[in-house]
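As the structure lists them, so they are numbered: ligands from 1, and atoms in each ligand from 1. Numbering of residues begins at 1 and proceeds along the displayed sequence.
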Amino acid sequence: MNTIHTLPQHEAQKIAAGEVIERPSNSIKELLENSLDAHATTITLSVKKGGKEQISIIDNGQGMSLEDAKICFIRHTTSKIATVEDLDTIATFGFRGEALASICSIAKVTIITKKKDATEGIKLYLEAGVLKKETVTSCQTGTTIIIDDLFYNVPVRKNFLKTTATEWNNITTLFKAFVLSHHSVHFTLEHNNKIIYNCPPSKNTLERSLQVFEAPLITNIIVLDSFNTPSVSFSGAITTQHYARYDRGGIFFFVNNRWVKNFKLTNALLKGYLNVLPTGRYPAAIINITIDQKTVDINIHPKKEEIKFMNQRHVESALTAAIKNTLENHLSEQLKKHVNIASPAPQIPDNPFQERGPFFLAQETVDYSPPLQHLEEINRVKPTASETKQSDQTLSSMIPVKQETIPENYSLIGQFKKTYLLLEHKDGLFIIDQHAAHERILYEKFADTFKDVPVVPLLFPLIIILTEEDITTLVPHFDLFKKHGIEVEQFGYNQIAIKATPVFLKNQPINDIIEQTVGWIKELQHIDKEDFFKKITERIRAQMACKAAVRAGDTLSQETMEQLLSDLEKTENRFSCPHGRPTGWLLTLSEIEKKFKRDYK
Ligand code: ADP
Ligand code: MG
């Protein structure tokens, strides 16, 4: 008896569809590409329930003839290439003739289309790839495709769909990518019959980013200085040192206008930001890469999301240089504004990014006063050669705690600049950052006592406005806040209300904890549940400790300072704050003596 048999056509097609269409956003990508390939200048995308219920795309492109419409959903039908050699010079997004066939085989699809000169259009209705109904209709020039009930005949795949929130997030990211890479098209995105983004044509990437991003990003975005090498050139926009997010979701690459994912490119970009942003923080960037089509392979992935460069290393190093160059130019521009012309020109290091620690640029204004070079971190045990290489890691992860470096017999001199505590110690002058130290103390306290943290209800709930996308991300995780004494409720479609906070955060603006948590959820939602919970909890606690801690600029009483020092001494990881900044430094006596030239003998 035969055990091998040929799969029926419709079953084979359903399986093949899985390669291209895993989720609503994949099918949307294919449809948007088709609309662009058809030279549409207006594209309206509407989805219901994160695309799980319905997706519709209306374009004003060139449309299809009756004959073409009747075959466009058959596998390997394409108007874009004739032979595989055409791939070398392909200018369209599509070429495999697979997308419509795949989508139609796993959904109920309506296609309405008309060519410019045709008097009538055609409306087709298909179920599982089978044409069920066909009518001649009068309609606008262009194509409308409506996908109902994606995966209705592939229950396994349907079960793999994520929550509406997650699917919707994928769709908005995809939509942003299209908006950012096609400036002359008017894009609109609707969710559940509400317009979420309306993006008329605009001049450039910067203008485009204003249409799709939120306030903190658009106030800190600058044009990428154009950067050309003979084989590749870059343009676009990137955020400055004043903007940082907790995920990579703001980074977009386009190669010859095609949105691609390539983690090596991301790393090259981040290298350009080295020492500009603290570890674990990411910029936003929209990078357009123009390169000879013959030197890239876009056909390595069925979804055409990944790309291979013939000369990957060159592209990477040029990208890093483009980023550094733009940030450096921007900084020196800023610096010129800050410098009083009468005063002598400041000494700008050749490469300011190499000279300063990872935190200096996170501050509000840029300051090039020479770093306190002779301070020795009290917690830094002499680094071995291999440790020196890792100097950009957070201090907390790299520094072994050494008992004898703790200032045991100190006496408090006082507070300096309302920011540092100065201690006299037998080995020198010990300087403690009051905020970092208090942050560390609280962070460790929280770890022990969060179960019964006292909560105060707010007389007037604090209302926070978020994007609808962020709200949908956050809602399933409200419990996280509850566990930390923050009571949150959804309030309208784009607001949440904070109704109670832990006592120690009373009167503190906690919106950024909420906003940061959104970023963390997005970043971590793919890892396993237990790990997710642990990591998010750590980060929320670190932020709460930061909020509740005394700040730089707070005058501290003698009593408070003594208390802080004694608490710090009892704290296990007392040498760095939860974000990795050191809590204190020792300016050694011998360094002081050298400065005063008392060390000659
Ligand atoms: P591909 O894009 O790889 O050619 P598709 O399955 O996506 O394959 O589409 C098949 C064909 O249907 C396209 O080559 C094109 O001729 C036609 N088509 C699809 N969508 C549209 C549209 N929105 N406007 C005009 N023609 C379209
Ligand atoms: Mg296509």
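Considering backbone and side-chain atoms together, Glu30 places no N or O closer than 3.5 Å to any N or O of ligand 1. Any N or O atom pair closer than 3.5 Å counts here, and Thr143 shares at least one such pair with ligand 1.
Heavy-atom contacts of Glu98 reach the following atoms of ligand 1: 6 (O), 8 (O) (cutoff under 4.0 Å). Heavy-atom contacts of Cys72 reach the following atoms of ligand 1: 10 (C), 12 (O) (cutoff under 4.0 Å).
Under 4.0 angstrom from ligand 1, the non-hydrogen atoms of Ala38 all belong to its side chain. By the criterion of a heavy-atom distance under 4.0 Å, both the backbone and the side chain of Leu100 are placed next to ligand 1.
Using a 4.5 Å cut-off on side-chain heavy atoms (C-beta onward), Ile171 and Ile55 make no contact.
By the 6.0 Å contact criterion, NZ on Lys308 is open, its count of non-hydrogen atoms from other residues, nucleotides or ligands being 12 or less.
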Verdict with supporting geometry, Val212 and Cys199, side-chain contact (heavy atoms from CB on, under 4.5 Å): CA-CA 8 Å; Val212 291; Cys199 312; 4.0 Å; yes
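We find that Glu33 and Lys29 are joined by a salt bridge, their nearest charged nitrogen and carboxylate oxygen being less than 4.0 Å apart.
The shortest separation from a heavy atom of Gln62 to ligand 1 is not under 4.0 Å, leaving the residue out of contact.
The option from Ile57, Leu36, Asn60, Asp59 that lies nearest to atom 23 (N) of ligand 1, judged by heavy atoms, is Asp59.
Distance alone, capped at 3.5 Å, is enough to place a donor-acceptor pair between the Thr320 side chain and the Ala268 backbone.
Here Asn34 meets the criterion, with an N, O or S atom under 2.8 Å of the Mg ion (ligand 2).
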Extract all donor-acceptor atom pairs below 3.5 Å that involve side chains of residues 184-194 and protein atoms in other chains or at least two apart in sequence.
{"unit_1": "His186", "atom_1": "NE2", "unit_2": "Asn198", "atom_2": "OD1", "d": "2.7"}
{"unit_1": "Glu190", "atom_1": "OE1", "unit_2": "Ser46", "atom_2": "OG", "d": "3.1"}
{"unit_1": "His191", "atom_1": "NE2", "unit_2": "Gly50", "atom_2": "N", "d": "3.0"}
{"unit_1": "Asn192", "atom_1": "OD1", "unit_2": "Lys49", "atom_2": "N", "d": "2.9"}

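Aromatic rings of His183 and Phe254 (six-membered ring for Trp) have centroids beyond the 6.0 Å cut-off, not under it.
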